[in-house]
Amino acid sequence: MFKRRRALIALQVALANCVSAAATAESYDLGRTPTSAAIAAWDIAIGPLGAELPTGHGTAEAGADLFAQKCAMCHGATGREGPDPVLAGGQNTLATDKPIRTIGSYWPYATTIFDYVRRAMPLQAPGSLRPDEVYALTAYLLYANGIIEHATIIDGASLPQVLMPNRHGFVVAPRD
Amino acid sequence: MDTTKQQGGPATAHGARSPAETSARLVDPLGDPRSTQSLTPLQDLHGIITPSGLHFERHHAGVPQIKPEAHRLLLHGLVNDAKIFTVEDIKRFPATTKNYFIECSGNGYREWNGPIGQSVQETHGLTSCSEWTGVPLKHLLGEAHIAPGAAWVVAEGADGAAMTRSVPLDKCLDDVLVAYAQNGEMLRPEQGYPLRLLVPGWEGNISVKWLRRLKVVDRPYQTREETSKYTDLMPDGSAKQFTFVMHAKSVITYPSGKHKLPGPGFYEIRGLAWSGRGRITRVEVSTDDGASWQECRLQGPVLDKCHTRFSCDWRWQGKATIIQSRCTDESGYRQSTRTELQAAQGKLPSYHYNAIQRWRIDASGEASNV
């Protein structure tokens, strides 16, 4: 009886491992187990549910100053003037022959702004912004696109809730 | 100088090509310190392998200088046993060596609505082909034991862009490599030294270079490079997402734009064909502006998701004409014309341009893009 129960558990474990499909029954015993601190230090990818968003918050008000200091020289005073990518405007242009793809007109998820700005911007000092600064800049970019109010607080709870204008504009389909 | 009448140079620790050979990548835009791409001189190459130093480059935050002993690859997320690997650990796994092309999905972008580039380097130079060595990603995932719910893997680079793409788990368990070597030596810095992802047949951007992290997740993470970029906006305003596969494409590399034929007579037309869907099964060439097509020789080896060299004989009569090639892959897909591509995808220049390339040969033998 006891033995049978153990066999059953073994079977369940085996089935659970089957989910992994990979035909790798044998272990090569290479690599170490990372510490949770090591994982946390690198775990910067923010999914569309925003589960990985750090603590912190910001508003467009605070973000406007930061944008002027750290971003405007490349993206323009309001994010529309360039020379580097245009970050605001362009709504209702996607179906025209001069589409303007910006955060407001094209990006399907607000979480992508936080993820990308934190990892890659400003161009000459990527990864230098603190979470509060990234939240504030994200809020500013959403505000500049008319998606949120000036005083809306953007944090780990509110950011994933922001409905982007082009949220339903994408289809997963192969090219013909 | 008669080289048979004197001693040559001594043996050297690391060889260099003849000083007479000057073939080079085209750095675009030349001289800009922020330049983020360079194109392969396909017109100068033979066979199917791109010399590592001539492999095209595309990066989003420059080429990082990474010390291999300090580099780590973290594998975590929806796995039962998260792992962190050194480069030496990765090299100890059973290795796989395969030839694959990598093509940027922006290759030929500017050609969408008409000829722009002058040479084949300008029109097609964002594709290259190498022998890659690495560990199949499925071995690493096997070590970490994937947990239920896993469906995608987020791959991240150690460059200033911390380049990030979501890769479907099925593909990761199929033919994706974590590569450390290219053409028999360790990767070049601009190709991801010391580790890169190699996602065969798919748009180049997803083969994340300077790979430092793989996070197993339940859904695509909607990164900037799979939403704002590398998506295909259609005329109706909708956009196609995750259009990973590079469609079959061929191009005549000799004679091609900027070449000049010395006079009428025999020429071997040569070119390359490749497909993200598998092997090339057929290449045809027309030397009379599409009135007739002749079957080309495929020079072996003809490999899966790899550049394939083709050739055919041509006797040029000295009259102006247009030459072009079209290929078919093992899925049955045949390369189409620019007009057909525009009809299917619209006139907005986009990623995945793969139309037939036409070269005009004028009566003086000069070749140009038409």
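Lettering of chains follows the sequences in order, A, B, ..., and the numbering in each one begins at 1. Computed from a predicted structure; not experimentally measured.
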What part of [X] is in contact with chain A, defined as an atom under 4.5 angstrom from a non-hydrogen atom: side chain, backbone, both or neither?
| X | answer |
| --- | --- |
| B:Ser228 | both |
| B:Val154 | side chain |
| B:Asp81 | neither |
| B:Glu225 | side chain |
| B:Ala61 | neither |

Can you tell me which portion of [X] sits under 4.5 Å from chain B's heavy atoms? Options are side chain, backbone, both or neither.
| X | value |
| --- | --- |
| A:Tyr106 | side chain |
| A:Arg32 | both |
| A:Asp29 | backbone |
| A:Ile44 | both |
| A:Leu49 | side chain |
| A:Gln124 | neither |

Check: Under 3.5 Å, side chain of A:Arg119 to main-chain N/O of B:Ala162, donor-acceptor pair present?
Finding: yes
Note to self: I'd like to know if the side chain of B:Gln222 and the backbone of A:Thr112 have a donor-acceptor N/O pair within less than 3.5 Å.
What the structure shows: no
Are there over 12 heavy-atom neighbours, none belonging to [X], within less than 6.0 Å of that residue's [atom1]?
| X | atom1 | answer |
| --- | --- | --- |
| A:Arg167 | CZ | yes |
| B:His71 | NE2 | yes |
| A:Ile153 | CD1 | no |
| B:Asp174 | CG | yes |
| B:Phe93 | CZ | yes |

Next item on the list: For chain A, find its close neighbours in residues 211-221 of chain B: heavy-atom separation under 4.5 Å, sorted by number, or none.
Entry: B:Arg212, B:Arg213, B:Lys215, B:Arg219, B:Pro220, B:Tyr221
Checklist line | Results of side-chain contact (heavy atoms from CB on, under 4.5 Å) for B:Asp175 - residues two or more places apart only | finding: B:Tyr100, B:Lys171, B:Pro200, B:Lys305
Check: Residues two or more places apart in sequence or in another chain: which of them pass side-chain contact (heavy atoms from CB on, under 4.5 Å) with B:Ala70?
Finding: B:Lys67
Margin query: Checking A:Asp115 against B:Arg224 for the side chain to side chain contact (heavy atoms under 4.5 Å, CB included) test, could you report, in this order, the C-alpha distance in whole Å, the side-chain angles of both residues, the deciding distance, and whether it holds?
Written below: CA-CA 8 Å; A:Asp115 176 273; B:Arg224 182 251 186 177; 6.0 Å; no
Margin query: For the interface with chain A, which of B:His76, B:His60, B:Arg72, B:Lys83 has the highest count of heavy-atom pairs at distances below 4.5 Å?
Written below: B:Lys83
Checklist line | All pairs passing side-chain hydrogen bond (donor to acceptor under 3.5 Å, both in side chains) where residues 74-85 of chain A contributes a residue, at least two apart | finding: A:Thr78-A:Glu81, A:Asp84-B:Arg34
Next item on the list: Determine the minimum heavy-atom distance between A:Asp97 and B:Leu348, stating which atoms define it.
Entry: O-CD1, 4.3 Å
Margin query: As a quick check of understanding, evaluate side chain to side chain contact (heavy atoms under 4.5 Å, CB included) for A:Thr33 and B:Ile84, giving each step before the final call.
Written below: CA-CA 6 Å; A:Thr33 301; B:Ile84 189 157; over 6 Å; no
Check: Is there a side-chain hydrogen bond (donor to acceptor under 3.5 Å, both in side chains) between B:Thr227 and A:Trp107 once you walk through the steps?
Finding: CA-CA 6 Å; B:Thr227 53; A:Trp107 291 33; 5.7 Å; no
Next item on the list: Step by step, work out the side chain to side chain contact (heavy atoms under 4.5 Å, CB included) result for B:Thr223 and A:Tyr116.
Entry: CA-CA 7 Å; B:Thr223 73; A:Tyr116 181 72; over 6 Å; no
